[in-house]
Amino acid sequence: SNANIGMTLIQLHEQLNEGSYLPSDNAKVIAPYMGDGQEIVYTVRRGREHKEICLSLRRTGDDIIACGSYFVGIDWVEQGKVAVQVNPKLNDGFEVDYVHMLNDALSEPANYDHLQHLVTIHFNKPSIKVHQQHDVLSVFLVTEYINILQRLVRKGLKKNFYLIENNLRNTIKGQLMVERNIRQNLSKGYITDNVCKYQVYDVDTPENRILKKALIFCLKQLDAYKHVFNTDILTAKARYVKPYFCKVGDDICVETIKSCKCNPVYKEYAQALEFAQQLLKRYSYDITFVGKQDIPTPPFWIDMSKLFELYVFHHLRQVFTGKHEVRYHVNANYQELDYLLQPKLWTSPYVIDAKYKPRYKDANIMKEDARELAGYARLSKIYSILGLDEDTSLPIKCLIVYPDQEQKEYFTFNRNIEPTFDKIHGYVRMYKVGIRLPIVKAKNRAIY
């Protein structure tokens with residue numbers, strides 16, 4: 001589909017099977033920009049050394065073979081000519097409602113500490129024009145930002161000292177601005193008026209102005225996209241947030257937006273400011289971009305397996321409400337397991353891993369995943385955290401959580417009675433359980 005004149009946008013869905021051949025009309029568009037045997041690999045950084053593959057395209061003769069991963073996003077095949085977009089649509093034809101997943105995940109406060117690497121935006125590359133129905137990035141960033149802002153305003157906006165200039169009657173406050181006062185007052189005979197510069201302590205600070213400006217972008221975007229996506233939940237949250245900014249201006253220059261830093265002591269403020277800056281940068285600080293039919297988007301990748309992990313954690317916390325019953329991202333021996341479950345009322349603890357692999361409904365577990373999970377469950381530090389004796393305890397139970405559209409959109413077990421999970425064939429004390437992913441209903445369908 002042509003997103004703009006002279007450029008072709010190839011549409012793919014995520015989790016393409018190893019060696020999926022692209023349809024011949026797509027291959028014909030891409031082939032001229034790749035040598036025979038050449039491979040284009042799209043990656044995102046994870047730390048200094050490690051890179052994750054989002055998508056690879058390989059040319060073999062006239063064929064283009066794609067290998068997808070757990071990422072959705074958009075990037076150039078050839079700058080200005082051909083781009084490729086991977087949509088949140090799984091092989092079974094259903095389209096994952098990533099906005100619903102993100103809203104669910106962000107209702108769990110602990111997840112705010114784990115948003116790093118969820119989205120990678122390549123601001124250094126030229127933008128790609130997409131139709132608003134394909135504008136995954138905007139809706140994702142707006143969802144993150146409004147949830148962060150809602151959490152922030154519940155605690156109240158931070159006040160601070162800042163300088164203002166004012167023309168005061170019959171009084172002098174702070175520093176008298178002599179030149180301006182002569183020009184504005186004395187030359188016109190207003191001898192009792194004084195232009196002064198002084199400090200005030202209130203909410204109309206540069207940080208809050210940036211937050212408000214980003215909120216205005218969000219409100220305009222939600223209004224423009226309400227026919228494409230189901231924005232009801234986000235619009236309600238934005239309406240809740242808006243009155244908190246009634247005493248805050250939104251007049252702020254781009255340089256201040258780019259350079260503004262928040263005191264890291266205020267962790268939630270620093271995060272909100274960082275996301276506001278990212279959102280405004282995504283629109284090139286220009287509100288006229290918002291709500292257009294065709295919108296320039298920087299190349300980006302969203303890690304759907306990470307989103308699934310946050311989503312699963314939220315649903316585990318819905319069941320296990322006790323303190324430390326479920327821990328997220330436990331570090332042990334330079335390894336990080338997804339979750340450690342220590343239910344107060346069950347007989348056994350579990351090491352749990354979220355695997356964004358719908359095929360686990362019918363297929364047996366992949367060897368690498370089984371080894372990874374079993375490895376976590378054999379770490380001395382994990383035995384120690386759980387208060388188990390390494391020599392006499394049974395091996396710790398392992399559980400894999402995977403997407404399964406035949407299940408409910410929540411876990412059906414409860415914290416009182418340990419259920420009988422599906423056993424994974426060929427492995428001792430290793431089990432699996434599915435959870436349904438929210439999907440886009442036909443009336444709110446983004447047409448990919």
Side-chain angles (χ1 to χ4, degrees), residues 14-19 46-47 50-54 67-71 90-92 114 117 303-313 315-316 319-320 326-343 346-386 388-407 411-413 418-437:
E14 56 167 310
Q15 292 204 35
L16 290 164
N17 297 328
E18 189 79 48
R46 292 284 182 272
H50 184 51
K51 284 184 175 180
E52 290 232 8
I53 293 176
C54 307
C67 183
S69 179
Y70 310 108
F71 287 82
L90 290 162
N91 308 12
D92 302 344
H114 300 282
H117 299 317
D303 186 341
M304 292 296 285
S305 65
K306 172 97 179 168
L307 179 58
F308 181 60
E309 214 180 83
L310 297 167
Y311 176 73
V312 168
F313 181 59
H315 284 287
L316 286 170
V319 179
F320 300 102
V326 54
R327 295 182 181 95
Y328 187 27
H329 278 229
V330 178
N331 283 296
N333 294 36
Y334 304 104
Q335 296 180 72
E336 195 173 62
L337 47 132
D338 286 358
Y339 326 96
L340 188 59
L341 182 65
Q342 194 173 16
W346 290 10
T347 49
S348 323
Y350 283 80
V351 167
I352 306 181
D353 214 9
K355 292 294 178 202
Y356 186 59
K357 297 177 180 178
R359 64 176 176 276
Y360 275 178
K361 179 175 177 290
D362 305 309
N364 202 21
I365 188 170
M366 291 165 75
K367 272 198 213 108
E368 310 85 80
D369 290 345
R371 282 187 190 128
E372 180 187 18
L373 194 50
Y376 293 151
R378 298 295 171 273
L379 292 167
S380 296
K381 187 174 175 187
I382 298 304
Y383 275 77
S384 154
I385 291 170
L386 295 170
L388 298 174
D389 187 301
E390 290 180 29
D391 301 317
T392 57
S393 303
L394 283 165
I396 298 169
K397 286 182 176 176
C398 297
L399 181 66
I400 279 185
V401 184
Y402 64 95
D404 181 353
Q405 294 313 101
E406 287 179 17
Q407 301 302 322
F411 291 120
T412 51
F413 51 83
E418 185 176 345
T420 309
F421 291 115
D422 288 346
K423 202 166 176 341
I424 292 176
H425 177 70
Y427 293 92
V428 174
R429 292 168 75 81
M430 195 174 278
Y431 308 89
K432 65 178 183 177
V433 65
I435 187 167
R436 182 181 164 84
L437 297 175

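Being a predicted model, the structure only gives us computed values, none of them experimental.
- Taking CZ from F71 and CG from D303, the interatomic distance works out to 4.0 Å, rounded to the nearest 0.5 Å.
- Note that the CG atom of N364 and the NE2 atom of H425 stand 6.5 Å from one another [nearest 0.5 Å].
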Review point. Between L310 and Y328, does a side-chain contact (heavy atoms from CB on, under 4.5 Å) hold up when you go through it step by step?
Key: CA-CA 9 Å; L310 297 167; Y328 187 27; 3.5 Å; yes
Point to revise | Steps toward side-chain contact (heavy atoms from CB on, under 4.5 Å) verdict (Y431, T420) | key: CA-CA 9 Å; Y431 308 89; T420 309; over 6 Å; no
Review point. Could you walk me through whether Y356 and E309 pass the side-chain hydrogen bond (donor to acceptor under 3.5 Å, both in side chains) check?
Key: CA-CA 8 Å; Y356 186 59; E309 214 180 83; over 6 Å; no
Practice item. Report the C-alpha separation of V330 and I385 in whole Å, then their side-chain angles, then the decisive distance to 0.1 Å, and conclude whether the side-chain contact (heavy atoms from CB on, under 4.5 Å) test is met. Key: CA-CA 10 Å; V330 178; I385 291 170; 3.7 Å; yes
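- Remark: side-chain polar atoms of K423 are paired, donor with acceptor, to backbone N or O of Y427 under 3.5 angstrom.
- A side-chain donor-acceptor contact under 3.5 Å links K306 to the backbone of H114.
- Expressed to the nearest 0.5 Å, how far OG of S348 lies from CG of L388 amounts to 9.5 Å.
- Between the D353 side chain and the I400 main chain, no donor and acceptor come within less than 3.5 Å of each other.
- Two residues are said to be in side-chain contact when any heavy atoms from C-beta on lie closer than 4.5 Å; D369 and Y360 meet this criterion.
- Between F421 and F413, the ring centre distance stays below 6.0 Å.
- The closest side-chain heavy-atom distance from K361 to D404 is below 4.5 Å.
- Of all the heavy atoms in R436 and Y311, the pair that sits closest is O-OH, 3.0 Å.
- Judged purely by atom type and a 3.5 angstrom limit, Q342 has no side-chain atom pairing as donor or acceptor with the backbone of V326.
- V401 places a side-chain heavy atom less than 4.5 Å from the side chain of F411.
- Across every non-hydrogen atom of P349 and P343, the tightest pair is CA-CD, 4.1 Å.
- With a 4.5 Å cut-off on side-chain heavy atoms, P395 and R378 count as touching.
- Note that CD1 of I435 is 7.0 Å distant from CZ of F308, once rounded to the nearest 0.5 Å.
- Annotation: side chain of L399 is not in contact with side chain of V351 (no heavy-atom distance under 4.5 Å).
- From I365, atom CD1 reaches atom NZ of K432 across 9.0 Å, with rounding to the nearest 0.5 Å.
- The shortest side-chain heavy-atom distance between L337 and I382 falls under the 4.5 Å cut-off.
- Checking side-chain atoms of Y376 against main-chain N and O of E336 turns up a donor-acceptor pair under 3.5 Å.
- N331 and K381 get closest at one heavy-atom pair: O-NZ, 2.9 Å.
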Practice item. Walk me through it: do E390 and S380 pass the test side-chain contact (heavy atoms from CB on, under 4.5 Å)? Key: CA-CA 7 Å; E390 290 180 29; S380 296; 3.3 Å; yes
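- Nearest heavy atom pair, residue K357 against residue P403, reads N-CD, 3.5 Å.
- In this structure, S393 contributes its side chain and D389 its backbone to a donor-acceptor pair below 3.5 Å.
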Review point. For E372 and K355, what are the C-alpha separation, side-chain angles and deciding distance, and is it a salt bridge (charged side-chain N to carboxylate O under 4.0 Å, His left out)?
Key: CA-CA 12 Å; E372 180 187 18; K355 292 294 178 202; 2.8 Å; yes
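- Between Y339 and Y350 there is no side-chain heavy-atom pair separated by less than 4.5 Å.
- The line from CG of L437 to CD of Q405 is 5.0 Å long, rounded to the nearest 0.5 Å.
- Using a 4.5 Å heavy-atom threshold, the side chains of I396 and Y383 count as touching.
- The two residues D338 and A354 have their closest heavy-atom pair at OD2-N, 2.9 Å.
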